[in-house]
Amino acid sequence: MIQSRLPRARVVSTGRFNPPRIVTNHELESLVDTNDEWIRTRTGIRERRIADKDVHAADMAAAAGRIAMERAGITAEGLDMILLSTATPDRLLPSTACDVQALLGARNAAAYDYATACSGFLYGLSMAEAHIASGQAETVLVCATEKMSSIVDWTDRTTCVLFGDGAGAAVVQKATDERGIMSTFMKSDGTLAELLWRPGGGSRIPLDIAVLDERSHYVKMAGPEVFKSAVRAMCEAAETAMARAGVTSDDIDLLVPHQANIRIIEATAKYARMPMEKVYVNVDRFGNMSSASIPVALDEACELGRIQPGSLVLMVAFGAGFTWAANVVRF
Ligand code: UT7
């Protein structure tokens, strides 16, 4: 299916928030049996940001959202919708999106959370496009915010060294010319959920003493299996999104992949025939911020001038679910 058509929605602006506190690999050596060399060579991560106790997922999303709105020249009253991706909601009821709405004073907006883990920002762009194309909204704020430090097991070296906290946001509006979302690819596979999950603490296994003892309310990951699935899925997503947009890797100015592991990023880039000079990487400074990784990278790339008006950007993500997705976007 080739989606060669004028875009229906475009990314007007972006914003990001990263907590100021930097935690280096060396600092983690005092928590678990790990070392800087292992973390750097296996993942590419050197440091990550960790939010203070009193900085929550909603606060980080609102901070990123305010920047994106200011850059788009819109006020909070001008938002029709707030879509929020998170694996770390401030609480289970009500949604973190409603908290963000309250923090921003976006009194005309409908707001909801959705849970597609690391692919969340790209799923959000697609939902924003659909709401705009159907006439339900004109201006949508897509937020992705993750306080991963609140759900990792700080005694488990196989996961705690990988993640970081942060948030990104984008204002999405109707496209008026050739700039915008040129193609979308989304896919899921729920049969592999147990390879990356938080088994306890939901309605299936409510939080109790046994859950706390087993530490099953924390993230569990079968790293090597997830690694292989991530490479396979991100390659499929990149290829399909480019085919649907009717473009090749030569046409793409910048690849902005999910930032889980430099080895996954390099494998995806190689398969997509993109030299690493055309790939945005910040996993070394932030670790894996789940769904916030792509919008933070996107915002940095815009600020650094690596994305200019007219640039063609390929974004590719993979995460728990499993879910995976890709977009080709003309900025
Ligand atoms: O964002 C959602 C998607 N997530 C991902 O895409 C993550 C995918 N997975 C990965 O990135 C990698 O699988 C990891 C970085 C998680 C692990 O790297 P790996 O090369 O697959 O290592 P491994 O799990 O096979 O472990 C190799 C060894 C093991 O020791 P033995 O059994 O060989 O003696 C681990 O126990 O490394 C050990 N190990 C560690 N050593 C030092 C695991 N974690 C650590 C650690 N420090 N933090």
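These numbers were taken from a predicted model, which means no experiment stands behind them. Indexing begins at 1, ligand by ligand and atom by atom, following the structure's order. Here, residue 1 is the first one in the sequence, and each next residue gets the next number.
Atom 29 (C) of ligand 1 is not flagged as protein-proximal [any protein heavy atom, distance under 4.0 Å]. The nearest protein heavy atom to atom 32 (O) of ligand 1 is not closer than 4.0 Å. Distances from atom 48 (N) of ligand 1 to the protein include at least one heavy-atom value under 4.0 Å. Per-atom contact check: atom 36 (O) of ligand 1 touches the protein, criterion being a heavy-atom distance below 4.0 Å.
For L196, every heavy-atom contact with ligand 1 shorter than 4.0 Å involves the side chain, none the backbone. Only the side chain of C118 comes within contact range of ligand 1, with a heavy atom under 4.0 Å; no backbone atom does. When heavy-atom distances to ligand 1 are checked against a 4.0 Å cut-off, T34 comes that close through both its backbone and its side chain. Both the backbone and the side chain of F227 come within contact range of ligand 1, each with a heavy atom under 4.0 Å.
Close contacts of ligand 1 with T43, meaning ligand atoms under 4.0 Å from a residue heavy atom, involve 15 (C). Applying the 4.0 Å criterion to heavy atoms of I264 picks out, from ligand 1, the atoms 6 (O), 8 (C).
Protein heavy atom closest to atom 22 (O) of ligand 1, with residue, atom name and distance, is R42 NH1, 3.4 Å. For atom 44 (N) of ligand 1, the closest non-hydrogen atom on the protein side is W38 CH2, 3.3 Å. Of the protein's heavy atoms, R263 NH2, 3.6 Å lies nearest to atom 18 (O) of ligand 1.
Around atom 25 (O) of ligand 1, the closest heavy atom drawn from P224, G223, C160 belongs to P224.
Applying the side-chain contact (heavy atoms from CB on, under 4.5 Å) test between R285 and each of E300, R46, R49 identifies E300 as the sole match.
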